[in-house]
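Below, read A as the first sequence line, B as the second, and so on, with proteins coming before strands; counting in each chain starts at 1.
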Protein chains: 2
Amino acid sequence: MARAYAGVSPEQRRAERRARLLQAGLALFTTTGFAATKISELCTEAGVSTRNFYEEFGSKEDLLRELHDLINATAFTEVRTALTSLETADVRTRITTLLDVFVRAVTADPRAPRLNYVEAVGVNAEIEQQHVRWVNTWAEFIESEALRAAAAGVAPQRSYRLTAIALVGAITGLLREWQAHEPPLAVDEIAAEIRELMLAAITRP
Amino acid sequence: MARAYAGVSPEQRRAERRARLLQAGLALFTTTGFAATKISELCTEAGVSTRNFYEEFGSKEDLLRELHDLINATAFTEVRTALTSLETADVRTRITTLLDVFVRAVTADPRAPRLNYVEAVGVNAEIEQQHVRWVNTWAEFIESEALRAAAAGVAPQRSYRLTAIALVGAITGLLREWQAHEPPLAVDEIAAEIRELMLAAITRP
DNA sequence: GTAATCTGACAACGCCGATTACCGGATTGG
DNA sequence: CCAATCCGGTAATCGGCGTTGTCAGATTAC
């Protein structure tokens, strides 16, 4: 039966260990690299036993997938709340906000784009599927803004599916380059570049 | 001392085995996945002994890196020859050709973009460096076309560095999506989308 | 024809890391 | 205060795969 030990409930201790393992994964996957990271190293970094690891995750890949989902979900929430608070704003403001919030959310920790766009690529089929789902999610955001622009008469009436996917790729490419670059690229410039690119892409005839 | 066996020189037999190993790598890495592919499987697929493998490559990663370089180098040569034969053509023609030739070269075998943009990502530092070099190479192509456009007066005078990187990312994203999509996306539409995106990106004020 | 030589297949070695069994210790209810 | 219970860490096991040693057979020069 579950009872409290050392003043904290088992659930809470498990949750804390889980959180520490996620942090350890973020730290080691983005430095040692995913393939080279051993489960024992994750446990040492997290201050947790291998036993605990298997209580929380089925494998290293599971942990990576959860991190990938977490990073995207965090950015998603931030972007959505920012956009719903701008319901009546004009298209340019909305697009600027969408991109600024996204870029800021995902570059706040430089390890996030590294994990998202480098380490979590080509690991297994499940993570690839999750990647495709997130690309679709982001593409739908962009698509719906483009359709708003079209409805407002500042963009042509057409399908924006491929344009949206291409723009997601552009953002991904810039962020992947950003995290690899020495000296680092300026976040503002990247956000500005993407904004202009997107505006040019959807207002083109 | 080197002498001919079975009518062919040792160098030629080595070259053929090397070529078969590369083909086996392309086949297995894009189906089984890089991490899950065993060296013994590569050898079986290539009809070669494990001993031979180590005569040609130091590791699985070496083989992958060579494939990655090969795919890019092939596309590079095709694009460059196409562009040099269009020295006097107008900007739009050159850009259209650049993108069409590239997309055709890299989608001719659907396994190529899979290997390039999925399997060869985040494997180790060497391949990441090679990736950065190729992104730079492609970005310089795009940059120089943008500067041509600027010189011709159809695009503003500015730095096209980030724009070029973003466009490379857009192409990469579309091709990565292309190889993962069911039902498959149309290659023509992808090439057309990228062309319009690039023209919009460099002719924007 | 024969001996020297090279080639390539096979198999076994050895390492390394994932996974789990076990046990000592801490904690709490009575 | 004690016994029952649960928790967590350690260490041993197990399996798999990369790597290399060896040998049998094929080939060619003399």
task = Give a yes or no on whether a donor-acceptor pair under 3.5 Å exists between the nucleobase atoms of D:dT22, that is its base, and the side chain of B:R51.
result = yes
Phosphate contact (C:dG8 OP1 or OP2) by B:S49 side-chain N/O below 4.0 Å = no
key: Residue mapping more 5' on DNA chain C - nearest nucleotide basis, A:T37 or B:V48   = B:V48
query = Any idea which of C:dA18, D:dG8, D:dC17 is nearest the A:I39 side chain?
reply = C:dA18
message = Would B:R51 pass as a cation-pi partner of B:F53, given that its NZ or CZ must be under 6.0 Å from the six-membered ring centre and within 45 degrees of the axis?
response = no
ask   = How close or far is atom P of C:dA18 from atom CD of A:E55, stated in whole angstroms?
value = 18 Å
query = Hey, what's the ring geometry for B:H131 with B:H68, parallel, tilted or perpendicular (30° and 60° as the breaks)?
reply = tilted
query = Does atom CZ of B:R158 have more than 12 heavy-atom neighbours, drawn from other residues, nucleotides or ligands, at distances under 6.0 Å?
reply = yes
Residue A:T50, side-chain atoms from C-beta onward, closest of D:dA11, D:dT19, D:dG8 = D:dA11
remark   = In whole angstroms, the gap separating P of C:dT20 from CZ of A:F53 amounts to 12 Å
message = Rounding to an integer number of Å, can you tell me how far A:E56 CD sits from D:dG8 C1'?
response = 13 Å
ask   = Would A:E55 and A:R17 pass as an ion pair if we require N to O under 4.0 Å?
value = yes
note = Atom OH of A:Y54 and atom P of D:dT10 are separated, to the nearest Å, by 16 Å
ask   = Could you state the CG-P distance from A:N52 to D:dC7, rounded to the nearest angstrom?
value = 11 Å
message = Tell me the interatomic distance from A:R13, atom CZ, to C:dA26, atom P, rounded to whole angstroms.
response = 15 Å
key: Euclidean distance, atom CZ of residue B:R14 to atom C1' of C:dC6 [Å, nearest integer]   = 14 Å
task = Let me know the distance between NZ of B:K60 and P of D:dG16, rounded to the nearest Å.
result = 16 Å
